[in-house]
Every structure is written in C-alpha cells, then in structure tokens.
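Working notes, beginning with the structure itself.
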Number of protein chains: 2
Amino acid sequence: MANVKESSTNQMNKRLVTTKCPVTFIAYKMGNRWKPLVIRQLFSGTMRYGELKRAVPAISEKMLIQTLKELEADGIISRKAMPIIPPHVEYNLTECGRDLEPVISEMVKWSLKYNV
Amino acid sequence: MANVKESSTNQMNKRLVTTKCPVTFIAYKMGNRWKPLVIRQLFSGTMRYGELKRAVPAISEKMLIQTLKELEADGIISRKAMPIIPPHVEYNLTECGRDLEPVISEMVKWSLKYNV
DNA sequence: TTTGATACACACTTTTTGGTAGGTACTTGA
DNA sequence: TCAAGTACCTACCAAAAAGTGTGTATCAAA
C-alpha cells in the first residue's frame, strides 16, 4: 500500500509468517489500529464515507481511506461510487467480511473477560 | 516495552482504541508478528526457551525474548526459572492464554476459508 | 462571492516495530 | 584450555505504521 521494500528481511519474515500461520494471516488482514472499528461500523449495514468518518471521530481522513482501500483490496469490504456531484460513495461488507463475525465475537468474549 | 512516547498522538490513539474496542484490545495483545507462533507452540504444553527458539527458527533471539516478556507482562504466559547452572527456564500458557483457544480456532477457520 | 459539503490524494514528519550484531555468566565435556 | 550450551541483554539501525497539513473538483446555498 505505502512504500514497501519487498526485499527487506522484515517483508520476508512477514510473508513467511502470514503464509505459515493462519492466525498471523488474519491478524494482518484485520488486526491493525483502525480496521476493527471500521468493520464493526459496517456490521450494522451500508455506510457512506462521511458517515464512517463521523462514527470513528478520532481517525484521520488519511487513515480512514487507507484503511478502506486495504479492506477493499483484501476483499473484506466493497465500494460503490455513484457518479454524481457531490460524490456519493457507499461501503459494505462482502461475504468474506461478514464471515469475520464469529471471529470477532470470540475476540470480544475474551476481551470482556480479561479487560477492565 | 521499548521507548514509547506516552504523550504522542499515536499512543493516545492506541489507548483510545484499545480501551474503546475489545477487538483492537485483543489484537494488540496477540496480533503482532511472532506472538501467535509462540502461543501456538505453547498450546501443546510446557516449553523451554531453547525449544521455542528451535520451533520458530526464523525468529531472532531479541524478538523471541521480547515476545515472551510481553506475553508474560500481559498474563498470557508464565515463566518458571530453575535456579541452576546452566539455566533452565520453562514457559507455559496461563488460564488467560489457554482461553485464547476458541478465538484462535475461529481465526484459523476464517483463514483456511479465505487463504490460498 | 464566499462558504460548506462531498470524497478523496499527496508530501512530509514523527513514532514505533523489527532486525543485526555484538556481549554477559557459568559449567561441562574434549 | 578452549569450545559449546544455557538463557538472556544492549546499542544501534532500517523499515514500516501512523499522524499532520495541504490541495483537488464540483455543486448548492447563503
């Protein structure tokens, strides 16, 4: 997405680890700072870019679109842009994204048990 | 763990996000590069430092102890050091760590469905 | 005519993570 | 006496992630 040095040991290890371990694989798909928050919003249905922005107020616009682009590239969400002015863009979970529900629900269970 | 600037926006957002979102909370606990691999090893029982090193060959010693220290600090694993020479140190999952099993199993399911 | 809303894009800097390469202490076996 | 095994620790550097600030086009309302 943003300036990756494919030849670095870091990237080699990342590839190694994500191909050898299913947990690390999914962790890289949905485990960074903002992805879970965006995914969670979309569980309740279609949302526009601006709605997402307001729903996750602490996120910067850069991180929001970056997150959305990555999720889209990974097939977790879909993007539908209406060719009108002013622009109107809708985001949705794909089937793959909706399949994250049981994963997320187990994560929430654990967190509620061991979090404050 | 290593040189964190508590006052940065980065850290503030991290705190915000991990306290407000249970998914992000657990993601930070077990979702970085090496933690899942180490945790997985320990699912099969007690292991010594050197055994873990051999079981996860690509990991550097620095990352291995760093990973172990963090998991220990988070109460996910326990460390037992025998006061003998040469040293003998055993690592184990705590109850909290073992409770990651259902989470991990859901993650694996998703990964196997959507991975190559 | 300026402002606001829409949904971004891009250059730049700060902060964090991960990797490299060395060293520690102590003992046993060759 | 020299190497090997045990379980680490530390300083340093490269790379990635996250954050800041500005700019884009188009239209409608004030």
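Each chain gets a letter, A, B and so on, in the order the sequences are listed, and its residues count up from 1.
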Just how far, in rounded Å, is C1' of C:dA11 from CD1 of A:Ile65? 13 Å

Would you mind telling me which of C:dC8, D:dG19, D:dA11 lies closest to the side-chain atoms of A:Lys62? D:dG19

What is the distance, to the nearest angstrom, from the CD atom on A:Glu51 to the P atom on C:dA7? 8 Å

A:Thr94 side chain to A:Ser78 backbone, donor-acceptor under 3.5 Å: no

Find the distance B:Gln66:CD to C:dT20:P and express it as a whole number of Å. 14 Å

Quick one: list whatever passes salt bridge (Lys or Arg N to Asp or Glu O under 4.0 Å) with B:Arg79, sequence neighbours left out. none

Nearest-angstrom distance from the residue atom CD of A:Glu90 to P of C:dT6: 14 Å

Tell me, which of residues 9-18 of chain B have any heavy atom that sits under 4.0 Å from an atom in DNA chain D? B:Thr9, B:Asn10, B:Asn13

Residues 16-28 of chain A vs side chain to side chain donor-acceptor pair (under 3.5 Å), sequence neighbours excluded, gives A:Tyr28-B:Arg33

Ring pair (Phe, Tyr, Trp, His ring centres under 6.0 Å) partners of residues 74-110 of chain B, not counting sequence neighbours, each pair once: B:Trp110-B:Tyr114

Quick one, which residues of residues 28-44 of chain B touch DNA chain C with a heavy atom under 4.0 Å? B:Asn32, B:Arg33, B:Trp34

What is the distance from CE of A:Met82 to C1' of D:dC27, rounded to the nearest Å? 18 Å

Check nucleotides 2-6 of chain D for protein N or O atoms closer than 3.5 Å to its own N or O atoms and list the pairs.
| residue | atom | partner | partner atom | Å |
| --- | --- | --- | --- | --- |
| D:dT6 | O3' | B:Arg48 | NH2 | 2.9 |
| D:dT6 | O3' | B:Pro87 | O | 3.0 |

Between D:dA11 (C1') and B:Glu61 (CD): distance, integer Å: 16 Å

Does A:Arg48 have any salt bridge (Lys or Arg N to Asp or Glu O under 4.0 Å) partners at least two apart in sequence or in another chain, and if so, which? none

How long is the line joining CG of B:Leu64 and C1' of D:dC8, in whole Å? 10 Å

Can you tell which of C:dT15, D:dA16, C:dT20 lies closest to the side chain of B:Ser8? C:dT15

Return the angle between end axes of the helix from C:dA7-D:dT24 to C:dA30-D:dT1, with five pairs used per end and rounding to 10°. 20°

List, by chain and then residue number, the residues other than A:Met82 in its hydrophobic cluster (Ile/Leu/Val/Met/Phe/Trp/Tyr, side-chain heavy atoms under 4.5 Å); write none if there are no others. A:Ile84

B:Thr9: what forms a side-chain contact (heavy atoms from CB on, under 4.5 Å) with it, not counting sequence neighbours? B:Asn13

Enumerate the residue pairs fulfilling side chain to side chain donor-acceptor pair (under 3.5 Å) with a member in residues 34-45 of chain B, sequence neighbours excluded, ordered by first and then second residue. B:Lys35-B:Glu70

Using the test side-chain contact (heavy atoms from CB on, under 4.5 Å), find all partners of B:Glu101 that sit at least two apart in sequence or belong to another chain. B:Phe43

Protein-nucleotide distance (B:Ile77, atom CD1; D:dA7, atom C1'), rounded to Å: 14 Å

